[in-house]
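Everything below concerns the one structure shown next.
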Amino acid sequence: QGDMRLAITLLQSAVKGRGSSDLSDENFVEAAGLIPDDVFEAYTAALTTEEPNAFELMHNATTNLVQEGYAATQAVRQLITWVTLPAFRASAVTRSNIALKLAQVERRLLDCGDEFIQLMDLGSTIQQILVKERQS
């Protein structure tokens, strides 16, 4: 319900934000509050890296995400989708553990938890879960 209203509102927001009817995909991504693919891919790459400085890479990607003004709740929503994609190679147990952490972080954000701290907690937990899976 309300999908047509939502679509019209998104279209109106994109036109107002652009100032003309000449719209691109980026205008809709921005109007919808989505994290652009390149930024999100950099973030997920930092979460899944096997580099020795993985925590530092995740910290930098998280800092970038927050400083660019993207909502942590949107990052969580997009991570939920990312974890369920076939391209995300992980066992069902690993996916479940990540989903549990995503739910926990989403709840903390709804309770007005600090976005940066919650994303750092989420990122470090995802890294730990993935390291544990690689070792088994």
Side-chain angles (χ1 to χ4, degrees):
Q1 288 182 336
D3 287 344
M4 183 59 87
R5 284 189 203 141
L6 181 61
I8 291 170
T9 302
L10 179 60
L11 180 60
Q12 289 171 332
S13 297
V15 168
K16 280 187 178 182
R18 174 79 173 145
S20 73
S21 60
D22 184 28
L23 300 172
S24 67
D25 291 346
E26 293 81 28
N27 299 123
F28 287 102
V29 168
E30 185 178 316
L34 298 173
I35 300 169
D37 288 341
D38 60 329
V39 175
F40 188 71
E41 287 170 10
Y43 180 63
T44 56
L47 295 178
T48 58
T49 187
E50 295 183 39
E51 298 293 321
N53 62 339
F55 183 82
E56 182 181 340
L57 293 172
M58 184 272 301
H59 178 268
N60 293 340
T62 302
T63 300
N64 181 53
L65 203 65
V66 171
Q67 286 179 346
E68 290 292 321
Y70 300 112
T73 53
Q74 184 59 42
V76 169
R77 276 188 226 119
Q78 287 182 238
L79 283 169
I80 290 168
T81 302
W82 173 71
V83 166
T84 61
L85 293 174
F88 180 68
R89 303 248 183 245
S91 68
V93 172
T94 297
R95 289 173 190 256
S96 298
N97 288 332
I98 292 172
L100 287 171
K101 187 61 180 183
L102 284 164
Q104 183 183 50
V105 167
E106 185 174 38
R107 178 64 195 173
R108 288 178 184 162
L109 289 169
L110 290 171
D111 288 340
C112 300
D114 182 87
E115 290 193 349
F116 180 73
I117 292 172
Q118 294 310 315
L119 288 176
M120 286 297 295
D121 179 39
L122 176 62
S124 62
T125 302
I126 289 173
Q127 285 183 330
Q128 289 172 357
I129 290 169
L130 293 175
V131 165
K132 195 183 267 189
E133 179 178 61
R134 288 182 201 121
Q135 291 174 347
S136 59

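Counting begins at 1 with the first residue of the sequence.
Side-chain atoms of Asp114 and Leu109, non-hydrogen and from C-beta on, never get closer than 4.5 Å to each other. For the pair Gln104/Leu100, no side-chain contact is recorded, criterion being any heavy-atom separation below 4.5 Å from C-beta on. Considering only heavy atoms from C-beta on, Tyr43 stays 4.5 Å or farther from Asn64 through its side chain. Side-chain contact between Thr94 and Val83 is absent, with no heavy-atom pair separated by less than 4.5 Å.
Distance check, rounded to the nearest 0.5 Å: CG of Leu110 to OG1 of Thr73 gives 8.0 Å. Separating the CE atom in Met120 from the OG1 atom in Thr63 is a distance of 6.5 Å, to the nearest 0.5 Å. Within the model, atoms CG of Leu122 and CD1 of Ile98 stand 8.5 Å from one another, a figure rounded to the nearest 0.5 Å. Distance check, rounded to the nearest 0.5 Å: CD1 of Ile80 to CZ of Arg95 gives 14.0 Å. A distance of 10.0 Å separates CG of Asn97 from CG of Leu130, quoted to the nearest 0.5 Å. Once rounded to the nearest 0.5 Å, the distance linking CD of Glu115 with CZ of Arg108 reads 14.5 Å.
The heavy-atom pair separating Lys101 from Thr125 by the smallest distance is CE-OG1, 3.4 Å. Between His59 and Phe116, the shortest heavy-atom distance links the atoms NE2-CZ, 3.8 Å. Pairing each heavy atom of Ala46 with each of Leu57, the nearest pair is CB-O, 3.6 Å. Considering every non-hydrogen atom in both Gln127 and Leu47, the closest pair reads CG-O, 3.3 Å. Across all non-hydrogen atoms, the minimal contact from Ala75 to Leu65 is CB-CD2, 4.0 Å.
No side-chain donor-acceptor contact under 3.5 Å links Glu106 to the backbone of Val76. Looking only at distances, a side-chain donor or acceptor of Gln78 sits under 3.5 Å from a matching main-chain atom of Ile35.
At most 12 non-hydrogen atoms from other residues, nucleotides or ligands lie less than 6.0 angstrom from CZ of Arg89.
Side-chain polar atoms of Arg77 and Gln74 form a donor-acceptor pair below 3.5 angstrom.
The ring pair (Phe, Tyr, Trp, His ring centres under 6.0 Å) test applied to Phe88 returns Trp82, not counting sequence neighbours.
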